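One structure below.
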Amino acid sequence: MTEPVLRVKDIRKSFDGTEVLRGVSLDVCEGEVVVVIGPSGCGKSTLLRCINGLEAIDGGEIFLRGRAISGMQKDQHLIRRKIGMVFQNYDLFPHMKVMDNLLLGPVKALKRPAGEVREEAMEMLKRVGLQGKAEALPRTLSGGQKQRVALVRAMLMHPDVLLLDEITAALDPEMVSEVLNVVIGLAEQGITMAIVTHEMRFAEAVADRVLFLDEGRIEEEGEPEAFFREPRTERARQFLQSFTYASARKAVKGMAQGRTDGKKTGGKEAQGA
Ligand code: ADP
Ligand code: MG
């Protein structure tokens with residue numbers, strides 16, 4: 001059996017005496033896409049933040065290609081080169097053009113030649129539909145475009161594994177698919193990923209394996225088809241049902257809005273987070 005790229009073994013994490021991760025284990029193998037879903041506050045972000053060393057763990061171990069990386073506080077920068085992460089809020093440097101944002105990590109941290117990285121960056125920008133945006137400042141881009149740049153930036157570091165934490169949660173609905181399509185493209189290229197998302201149809205499409213996290217524990221794990229069609233645990237069932245309820249409610253709201261159109265000045269609909 002080949003060794004997993006990422007192995008998380010029984011990790012624990014507390015904040016102010018409250019245990020937020022209560023013994024979480026997961027393996028992500030080469031080219032595999034693992035999707036983590038679960039209710040708000042169950043520990044999904046904490047899990048990803050512990051994996052890439054943004055939070056220190058209180059127990060357990062984390063291995064990258066067989067090498068223990070937990071507790072290597074002084075080598076955090078080395079770990080973060082190998083573990084890419086994209087968050088909900090694109091953190092591009094606002095005063096730097098897209099290309100300069102992209103060059104920063106590979107050239108400064110990895111000491112790769114700027115010309116070579118620039119060429120690769122242009123190729124990647126083209127692939128995500130942003131070939132004309134290399135010289136643009138981040139503020140001139142839409143949220144969806146910024147997240148695509150953030151994905152390119154992470155990929156330019158050639159990480160062993162890419163962690164994505166609800167990267168479409170802050171986007172207007174029409175921008176969600178342009179970002180998720182890029183992620184599906186990465187999955188097709190064989191990029192190893194651990195993804196936290198609330199987009200259930202995307203999760204089903206992209207996942208090789210789904211983990212359901214609840215109250216700091218993995219309550220269920222399975223292949224996407226089986227998990228989404230017939231979850232084994234009651235908690236997962238309830239969780240998935242909350243999405244059908246939410247979408248049913250949205251549909252009802254939409255109908256109500258259609259009836260009252262013209263009476264109201266159109267406020268922007270609340271975004272589901
Ligand atoms: P999720 O991403 O699943 O919504 P989080 O991992 O962000 O959940 O949070 C899990 C729990 O840990 C929450 O109760 C949250 O309030 C708490 N938490 C997260 N980060 C911190 C922190 N830095 N300090 C204190 N509590 C935190
Ligand atoms: Mg979160």
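Everything numeric in this text was worked out from a predicted model, so none of it was measured. Start at 1 with the first residue, then count along the sequence.
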Legend entry - Side-chain heavy atoms of Leu48 within contact of Met85, under 4.5 Å: yes
Legend entry - Residues forming a side chain to side chain contact (heavy atoms under 4.5 Å, CB included) with Val20, sequence neighbours excluded: Phe15, Thr46
Inset, instruction - Could you note down all residue pairs passing salt bridge (charged side-chain N to carboxylate O under 4.0 Å, His left out) where residues 189-198 supplies at least one of them, sequence neighbours left out? - result: none
Inset, instruction - Check whether the side chains of Ser70 and Glu61 place a donor and an acceptor atom closer than 3.5 Å, and report yes or no. - result: no
Inset, instruction - For side chain to side chain contact (heavy atoms under 4.5 Å, CB included), just list the numbers for Met157 and Leu110, CA-CA rounded to whole Å, side-chain angles, deciding distance to a tenth of an Å, and then say yes or no. - result: CA-CA 8 Å; Met157 296 296 282; Leu110 302 185; 3.9 Å; yes
Legend entry - No-hydrogen, no-angle side-chain donor-acceptor test under 3.5 Å, Ser45 and Asp165: yes
Inset, instruction - Write out all pairs satisfying salt bridge (charged side-chain N to carboxylate O under 4.0 Å, His left out) with one or both partners inside residues 140-155, taking only residues at least two apart or from two chains. - result: Asp91-Arg153, Arg148-Glu178
Legend entry - Leu6 and Phe63, any side-chain heavy atoms less than 4.5 Å apart: no
Legend entry - Heavy-atom side-chain proximity of Gln131 to Met124 below 4.5 angstrom: no
Legend entry - Residues forming a side chain to side chain contact (heavy atoms under 4.5 Å, CB included) with Glu30, sequence neighbours excluded: Val5, Arg65, Thr192
I'd like a table of donor-acceptor pairs (distance under 3.5 Å, sequence neighbours excluded) in which one partner is a side-chain atom from residues 204-212, with atom names and distances.
unit_1 : atom_1 : unit_2 : atom_2 : d
Asp208 : OD2    : Val33  : N      : 2.8
Arg209 : NE     : Glu32  : OE2    : 2.9
Arg209 : NH1    : Glu221 : OE2    : 2.4
Arg209 : NH2    : Asp27  : O      : 2.5
Arg209 : NH2    : Glu32  : OE1    : 3.1
Arg209 : NH2    : Glu32  : OE2    : 3.3

Inset, instruction - Any pair with a residue in residues 97-114 that passes salt bridge (charged side-chain N to carboxylate O under 4.0 Å, His left out), sequence neighbours left out, goes on the list, sorted by first then second residue, please. - result: Lys97-Glu135, Arg112-Glu116, Arg112-Glu120
